[in-house]
Amino acid sequence: MKTVIQVWTKHKNKIVEGVVISLITAWAVVSMFVGTYNQISNQTYPAQTNVAVRIMLILAAAVLIGILYRFHDDIARILMFAFISVYMILCAVKGYDMDWESMGYQVGVWNHLGNVMLTIILSFFAVLAFLYVREDIFQLFRRLKLSRRGMYICALLVMIFTFAMVGIATVSRYAAYTNSTFDFGIFAQMYEYMKQTGLPNTTVERNVLISHFAVHFSPIFYLTLPIYYIFPSPVTVQLIQAAMIALPIIPIVLLGKKYQLSNWMIVGLTLIYALYPATMSGSLYDIHENCFLTFMVLLTIWFIEKNNHIGLAVSALLTCMVKEDATIMILVLGLYFIFSKRAVIRGALMSGGALVYYAVAQFIISGYGISDFIVRFNNLFYDTGKGGLFQIVYAILANPAYALSQIVNNGNTQMLEKVEYLLVMIVPIAVLLFMVKKNYSRLILLIPFLLFNLITTYMYLHMIHFQYNFGSIALIMYIIIMNVKGMEVKRAKTLVGISLICVGIMFAGTVLPSTMKYYGQYKSTVTRNQKYDAALNLIPKQASVTASGVLVPHLSKVLTLYDISNINEQDRAKILGEGVSTELPETDFIVVTASDFQNENLTKLLNTGKYENIYEEENTIIVYQKVTA
């Protein structure tokens, strides 16, 4: 007895730690082994299990972990963190499909914040485990020395992973006929027009032949036209976006080297970018101009950091060429370098040049008179007949109280989309984003985030599954890189580790399930898709076609193409002129899926008596051909 007491007195802390670590690790291991994460919404699951068997499994696993702890306590602690983290990731993946409407006290009321709050809670427990074992993890990474070449290889692997995830998701969407006219059909046909005519025209954006530049001035697309020219396919268009989302890892690595960060730290930052929920999620509604923004903005930052004037001028111009409102990124970067006193003259030139470019681009667009800028920011326009970026800025300066109130003003009173958006965007990187110390000028870089993502009530601008976050992501990453450089090394490692855990779990609860869903849709609709393909193969590329929206991307090589449901009479009147019919024109072919069998516009065209049914798959697709006289 005396010996036992002596051992306890001498080693009580070690014994207690060993028991706790063994039990917690065993609980996580057994929970994974029996698949409890699959029961995340099953309230009655405990009644379906044998309590005695479960306890015995946990105790048996605890004994094995305890033996490992006796000889290698550091490995046992790291395994505890690893198993807890993996279990939380599995819960996040399964939590994506939870039916939040059927849970809770008031059944039938949807919990709009359920999924994001679940991922935050899961992240919290994983972070607690990390903080307990961080010294062991840091020691492990010190032993695993990473050379500069190894860092490049790791960064390349992260790029490949990002490209593959985005590519699989978006190509699966296309192959499964999941995307539609808006917006993939527009860009797929625009690329084909650029290939054949050199002009960025499209007939499906407003169901009349116009230049896409009438809506958004985006000459950046010409930069990737050679790729499409060699591989002319809508799949190429999707993969161009995948490449543009993966490429920002290059300037992140370059900036990390410029700031003399360690190789492991640079790899960690590339992972934070890749796993940040808005990075890949922004691509899941197909290609848009904005996908070029992250790379172009970070490249601009890299050139100004390296005092490369030519590179800065070219990259800043390319950034502005992404879209007329992308000029705000260069304007804000210029303001940052002015107020931080790091490069006052260059900052002034950047901001001034951005304003000039915006004025020119807006003049070009205004000539067409069909821009949708007013729709997206109408909550800020005090004179709705003269909407524009300058009016937005003046509204904020003249009435800041109203502007601040709009940050929490949701577009839909039944939802909490801005709260959800802020949680997803800020929580995973908050510990790195706001550690600016006395460098408050860095917060200027958050202006686009506030202006384009939060103040507007146009709901798509503050949703991570749409493309409007790419510019903000670039500036957020720049702030993080600068903040990490200014931290004490141990603190930087800790905070980067916390962010990595949070982005990883939130990635598992948002992006990963979405990617899996789109691939699953493709696999489950193969037979139907083959029927669609067979019908579309009957249509010559030289013909004119009216089609259901889901078929438009697959008919993008048809230059005279209309969406049967997309009639914007106001815009058509502006383009065609007053007094001109805004009805859909009669085309050589009409092809519709089951959802449009009773479409009013289809009925009007068929009532002319000029079309005959030449192909039909019951309850799937019908092809009509115009009867020649």
Side-chain angles (χ1 to χ4, degrees), residues 176-186 188-190 192-193 201-212 214-215 234 368-370 372 375 525 527-629:
Y177 286 82
T178 303
N179 41 38
S180 188
T181 300
F182 293 95
D183 289 332
F184 185 57
I186 295 170
Q189 191 196 36
M190 185 198 71
E192 186 62 27
Y193 257 103
N201 291 340
T202 171
T203 59
V204 295
E205 190 156 17
R206 293 296 188 271
N207 256 10
V208 63
L209 180 63
I210 60 168
S211 168
H212 176 65
V215 180
Y368 296 94
I370 58 172
D372 58 1
V375 175
T525 58
T527 301
R528 186 209 64 184
N529 299 339
Q530 290 173 344
K531 294 178 181 179
Y532 284 178
D533 292 341
L536 298 187
N537 286 336
L538 298 174
I539 300 174
K541 295 177 183 177
Q542 297 76 22
S544 57
V545 183
T546 301
S548 293
V550 295
L551 303 176
V552 167
H554 294 260
L555 289 166
S556 60
K557 292 185 182 297
V558 175
L559 298 187
T560 305
L561 176 65
Y562 304 103
D563 183 330
I564 198 164
S565 299
N566 176 28
I567 298 181
N568 187 319
E569 294 184 2
Q570 183 178 358
D571 283 348
R572 285 176 64 85
K574 289 179 182 178
I575 298 166
L576 297 173
E578 296 295 339
V580 178
S581 173
T582 58
E583 297 288 332
L584 275 174
E586 296 175 2
T587 54
D588 299 329
F589 291 86
I590 302 172
V591 54
V592 291
T593 59
S595 62
D596 284 320
F597 284 177
Q598 305 302 319
N599 187 287
E600 180 182 352
N601 298 320
L602 173 64
T603 301
K604 289 180 181 179
L605 289 170
L606 295 182
N607 284 343
T608 64
K610 298 178 181 180
Y611 289 91
E612 63 177 353
N613 182 337
I614 64 168
Y615 179 88
E616 180 175 356
E617 287 283 355
E618 187 176 0
N619 297 322
T620 304
I621 193 168
I622 300 177
V623 179
Y624 298 95
Q625 185 173 10
K626 190 174 182 180
V627 178
T628 56

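Because only heavy atoms are used, hydrogens play no part in the values below, and waters and symmetry mates are left out as well, while side chains stay in. Please read these numbers as outputs of a predicted model, since none were measured by experiment.
Contact between V552 and G185 at its shortest, heavy atoms only, is CG1-CA, 3.9 Å. Here the shortest heavy-atom pairing between V558 and A543 reads CG1-O, 3.2 Å. A pairwise comparison of heavy atoms in F184 and P234 identifies CZ-O, 3.3 Å as the closest pair. The shortest heavy-atom contact between F597 and N619 is CE1-CA, 4.0 Å. Of all non-hydrogen atoms in P553 and T181, the two that sit nearest each other are CD-N, 4.4 Å. Among all heavy-atom pairs drawn from A547 and L561, the shortest one is CB-CD1, 4.4 Å.
The shortest side-chain heavy-atom distance between I621 and V591 falls under the 4.5 Å cut-off. Between Y611 and T587 there is a side-chain heavy-atom pair separated by less than 4.5 Å. Looking only at side-chain heavy atoms (C-beta outward), I564 and N601 come within less than 4.5 Å of each other. With a 4.5 Å cut-off on side-chain heavy atoms, T203 and Y193 count as touching. With a 4.5 Å cut-off on side-chain heavy atoms, D588 and Q542 do not count as touching.
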Walk me through whether L605 and Y624 qualify under side chain to side chain contact (heavy atoms under 4.5 Å, CB included). CA-CA 10 Å; L605 289 170; Y624 298 95; over 6 Å; no
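Take E618 and apply the salt bridge (Lys or Arg N to Asp or Glu O under 4.0 Å) test, not counting sequence neighbours, and it matches no residue. The ring-ring contact (aromatic ring centres under 6.0 Å, His included) search around Y177 returns Y532, H554, not counting sequence neighbours. Every residue meeting the salt bridge (Lys or Arg N to Asp or Glu O under 4.0 Å) condition with K610, not counting sequence neighbours, appears here in chain and number order: E586.
Atom CG in L536 sits 10.5 Å away from atom CG in N529 (nearest 0.5 Å). The CE atom of M190 lies 9.0 Å from the OG atom of S211; values are rounded to the nearest 0.5 Å. For the atom pair CZ of R528 and CD of E617, the computed distance is 12.5 Å after rounding to the nearest 0.5 Å. Considering CG of L559 and CG of N201, their distance stands at 9.5 Å, rounded to 0.5 Å. Atom CD1 in I539 sits 10.0 Å away from atom OG in S544 (nearest 0.5 Å). Of the inter-residue distances, the one linking L602 atom CG with T546 atom OG1 reads 9.5 Å to the nearest 0.5 angstrom.
None of I622, V592, N599 except one satisfies the side chain to side chain contact (heavy atoms under 4.5 Å, CB included) rule with S548; the exception is V592.
Between the side chains of T202 and Q189, at least one donor N or O lies within less than 3.5 Å of an accepting N or O.
When atom types are taken as modelled, the side chain of D533 and the backbone of A535 share no donor-acceptor pair closer than 3.5 angstrom.
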